[in-house]
Amino acid sequence: MAGKTKEKVEVSEESPFAGCAILIVAVIVMIFLIGFSILTLFRQFNEIAKFTQEKPARIEIVSLENREPELNRLAEKLEKFRLAVEDDSTTSLELNAEEINLAIAAYEPFKDLRGMLHVEEISPENVRLSISFQLNGKPRLAKKGEVGWMGSDPRYLSGTLVAEPGLMSREIILQIRDIIVPGKKVPVEFIERMSPYRIAERYVGSEGIGTTMAKLTKVE
């Protein structure tokens with residue numbers, strides 16, 4: 001009786017099962033990375049919530065009532081500086097804290113800073129500002145009337161900002177040295193990552209204040 005021939009069965013390297021296995025592994029890795037990123041993001045928002053508030057703080061806006069003499073002196077000082085800059089003359093503009101706060105309250109280009117920033121003190125080392133900055137809150141599903149399917153409730157960073165002014169790429173920046181929130185601890189990592197361009201970035205451009213800022217050579 002003839003014996004049965006044993007056939008050797010080999011799995012081809014081009015088997016579709018091998019490709020499916022690689023695809024499954026890739027999908028699992030991708031899901032893991034997405035999940036890990038979302039988890040990390042929510043942890044960051046939870047940490048930020050520890051030193052921020054749900055509502056903005058009341059930041060002082062100086063009154064313009066009965067301030068005509070001071071406003072006139074400020075206007076003259078600013079106009080003198082503007083004319084010198086337009087003539088490409090060497091000049092400088094020196095403002096104290098009260099004059100800066102007065103300019104914020106009086107001039108339209110600074111309206112976005114009203115109720116958000118107030119200069120408390122200027123020293124040779126740094127500037128101290130009372131702030132109430134709006135930050136993005138933890139992501140959530142959009143509520144009725146909101147655009148898109150995701151939204152967030154804003155958080156507010158309210159306290160004292162200690163910063164050193166400077167000039168970079170024709171833009172005034174604030175190198176943040178410290179953020180003081182009463183009764184709270186602001187992590188060093190948050191302070192280091194907070195953008196120094198946040199306040200003055202709206203005044204960059206080829207028109208208005210941006211034209212003057214482009215000609216600045218030093219800020220201190």
Next on the checklist: Go through it in stages, so that I can follow the logic: the residues are R114 and I104, the test is side chain to side chain contact (heavy atoms under 4.5 Å, CB included), and I'd like the CA-CA distance, side-chain angles, deciding distance and then a yes or no.
Outcome noted: CA-CA 6 Å; R114 296 170 194 165; I104 291 173; 3.9 Å; yes
Checklist entry - Does CD belonging to E68 count more than 12 external heavy atoms closer than 6.0 Å? => result yes
Checklist outcome for this item: Connected to Y156, directly or through other members, by ILVMFWY side-chain contacts below 4.5 Å are none
Checklist entry - So which pairs with a foot in residues 59-90 pass ring-ring contact (aromatic ring centres under 6.0 Å, His included), sequence neighbours left out? => result none
Checklist entry - Quick one: ring-ring contact (aromatic ring centres under 6.0 Å, His included) partners of Y107, sequence neighbours excluded? => result none
Next on the checklist: Restricting to side chain to side chain contact (heavy atoms under 4.5 Å, CB included), what partner residues turn up for D178, sequence neighbours left out?
Outcome noted: V162, I180, I191
Checklist entry - Do other residues, nucleotides or ligands put more than 12 heavy atoms under 6.0 Å from E79 CD? => result yes
Checklist entry - Which residues satisfy the ring-ring contact (aromatic ring centres under 6.0 Å, His included) test with F110, sequence neighbours excluded? => result Y203
Next on the checklist: Under the rule for salt bridge (charged side-chain N to carboxylate O under 4.0 Å, His left out), what residues qualify as partners of R73, not counting sequence neighbours?
Outcome noted: none
Item to check | Listed partners of E164 passing salt bridge (charged side-chain N to carboxylate O under 4.0 Å, His left out), at least two apart | outcome: R177
Next on the checklist: I'd like to check the side chain to side chain contact (heavy atoms under 4.5 Å, CB included) partners of D153; sequence neighbours left out, ordered by chain and number.
Outcome noted: R140, K143
Next on the checklist: With rounding to the nearest 0.5 angstrom, report the CG to CG distance, N126 to L174.
Outcome noted: 10.5 Å
Checklist entry - Which residues pass the ring-ring contact (aromatic ring centres under 6.0 Å, His included) test with F51, sequence neighbours left out? => result F190
Next on the checklist: Please determine whether the number of non-hydrogen atoms from other residues, nucleotides or ligands lying under 6.0 Å from atom CG of N136 exceeds 12.
Outcome noted: no
Item to check | Set of salt bridge (charged side-chain N to carboxylate O under 4.0 Å, His left out) partners for K111, sequence neighbours left out | outcome: E108
Next on the checklist: Among residues at least two apart in sequence or on other chains, which ones pass salt bridge (charged side-chain N to carboxylate O under 4.0 Å, His left out) with E121?
Outcome noted: none
Checklist entry - Sequence neighbours excluded, which residues qualify as side chain to side chain contact (heavy atoms under 4.5 Å, CB included) partners of A97? => result V119, I122
